[in-house]
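Single-structure report; data block below.
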Amino acid sequence: MLLEVKDIYKSYPKESNILFKKTKIDVLSEVSFELNEGECLGIIGESGSGKSTLGKIIIGLEKPSTGNVYLEGKDIFKFKSYKEQVKMRRDLSVVFQDYTSSVNPRFTVFDIIAEPLCIISKPDKQQLIKKITTLLDKVGLSITYLHRYPHELSGGQLQRVCIARAIATNPKFIVLDEAISSLDVSIQKQILDLLIELKQEYKLSYVFITHDLTAITYICDRVMFLKDGRVVERVEEIHELSNIKHEYSKRLLNAVLDIECHNKVISI
Ligand SMILES: Nc1ncnc2c1ncn2[C@@H]1O[C@H](COP(=O)(O)OP(=O)(O)OP(=O)(O)O)[C@@H](O)[C@H]1O
């Protein structure tokens, strides 16, 4: 098994009106799941249900209050040596929704993609140019983009650059946190197709975080519904999505059907 997330609880301190009284807000409770090689697991939930917090925990950006995350059997929060931590950084990657703020505006496309490569090794400039040109090609961008700055790219192009950066270190899995949500619908499909292609080519696993069930049915093998930080339902086979039982999951599914129906009426 590639990833095992076991009994995660996460709480944050909360401001209290009562002097000296410490309170906390529980964001995740009892969250467990497994992810196998080559799989795409969808995590869906309403705003504030804890999806991004969970995403940050499984790539080691945030520590759980209790619980463990095992990557190939090893607890990612117990990697002590620098070498182990660099390996973990190489194996786990992420693409965020907000592609504009997840890149340095003063970096060129070359600098953005080179950054993780230079953290894990010390490649020379020629090696870097070759590798980055190949990566750009993989995400459907030509070499002419190499020296452009983020403001000289469209949203879809910049998200492709972020995807190239995410796959640069040959990770084992990528957390895609609302990675297509800021793009318009036609670009969303292109990016989903690209992600599916890359998943097959690099044998990647994804954790696909979204509030969009339509995208889940397009790319995911399984799905987990998160409500107030708890897993309320799991669908192990995506084609069985219509058999969901929990009221909350049904509400999310019906919301999609309503929107699709509404769009059809408009297009008629
Ligand atoms: N660093 C933090 N300190 C305090 N509270 C936090 C912190 N990060 C997140 N939260 C709270 O945790 C809860 C879950 O937030 P999270 O961003 O994980 O939800 P989400 O499901 O990803 O929401 P969205 O879909 O709107 O991005 C929210 O109530 C949020 O305010």
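Counting convention: from 1, in listed order, for ligands and their atoms alike. On a predicted model such as this, the values are computed, not experimentally measured, just so you know.
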Residue-ligand contact Lys14/ligand 1, heavy atom below 4.0 Å: no
How long is the span from the [atom1] atom in [X] to the [atom2] atom in [Y], to the nearest 0.5 Å?
| X | Y | atom1 | atom2 | answer |
| --- | --- | --- | --- | --- |
| Ile57 | Lys10 | CD1 | NZ | 5.5 Å |
| Asp98 | Gln159 | CG | CD | 9.0 Å |
| Ile163 | Lys138 | CD1 | NZ | 14.5 Å |

Do any nitrogen or oxygen atoms of Pro13 come within less than 3.5 Å of a nitrogen or oxygen of ligand 1?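 So ligand 1 has no N or O lying under 3.5 Å from an N or O of Pro13.
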What about Gly50: any of its N or O atoms under 3.5 Å from an N or O on ligand 1?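 Between Gly50 and ligand 1, an N or O pair is found under 3.5 Å apart.
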Do Arg251 and Tyr248 form a cation-pi contact, if we require the NZ or CZ to be under 6.0 Å from the six-membered ring centre and within 45 degrees of the ring's axis?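 Checked: cation-pi criterion not met.
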Can you tell me which residue and heavy atom of the protein come closest to [atom], and the distance to 0.1 Å?
| atom | result |
| --- | --- |
| atom 27 (O) of ligand 1 | Ser52 OG, 3.9 Å |
| atom 9 (C) of ligand 1 | Tyr12 CE1, 3.6 Å |
| atom 25 (O) of ligand 1 | Lys51 NZ, 2.8 Å |
| atom 23 (O) of ligand 1 | Gly48 N, 2.8 Å |
| atom 29 (O) of ligand 1 | Ile25 CD1, 4.2 Å |

Can a donor-acceptor pair be found between the side chains of Tyr12 and Asp26 at a distance below 3.5 Å? no
Numbering as shown, the atoms of ligand 1 that approach Ser49 to under 4.0 Å (heavy-atom distance): 19 (O), 21 (O)
Sub-4.0 Å atoms of ligand 1 with respect to non-hydrogen atoms of Glu46: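 By the 4.0 Å cutoff, the relevant atoms are 21 (O).
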Would you mind finding which of [options] brings a heavy atom closest to [atom]?
| atom | options | answer |
| --- | --- | --- |
| atom 24 (P) of ligand 1 | Gly229, Ser47, Gly45 | Ser47 |
| atom 18 (O) of ligand 1 | Thr53, Ile43, Ile44, Asp228 | Thr53 |
| atom 12 (O) of ligand 1 | Ile209, Val27, Thr210 | Val27 |

Picking from Val31, Ile43, Leu28, what satisfies side chain to side chain contact (heavy atoms under 4.5 Å, CB included) with Val231? Val31
Using every non-hydrogen atom in the two residues, find where Pro116 and Arg165 come nearest and quote the distance to one decimal. CG-CG, 3.7 Å
Got a salt bridge between Lys227 and Glu46, using NZ or NE/NH1/NH2 to carboxylate O under 4.0 Å?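 Not counted as a salt bridge, because no side-chain N and carboxylate O are separated by less than 4.0 Å.
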Check this for me, if you would: do Lys78 and Glu84 make a salt bridge, where the nitrogen-to-carboxylate-oxygen distance has to be below 4.0 angstrom? no
Please check atom 2 (C) of ligand 1 for a protein heavy-atom neighbour under 4.0 Å. yes
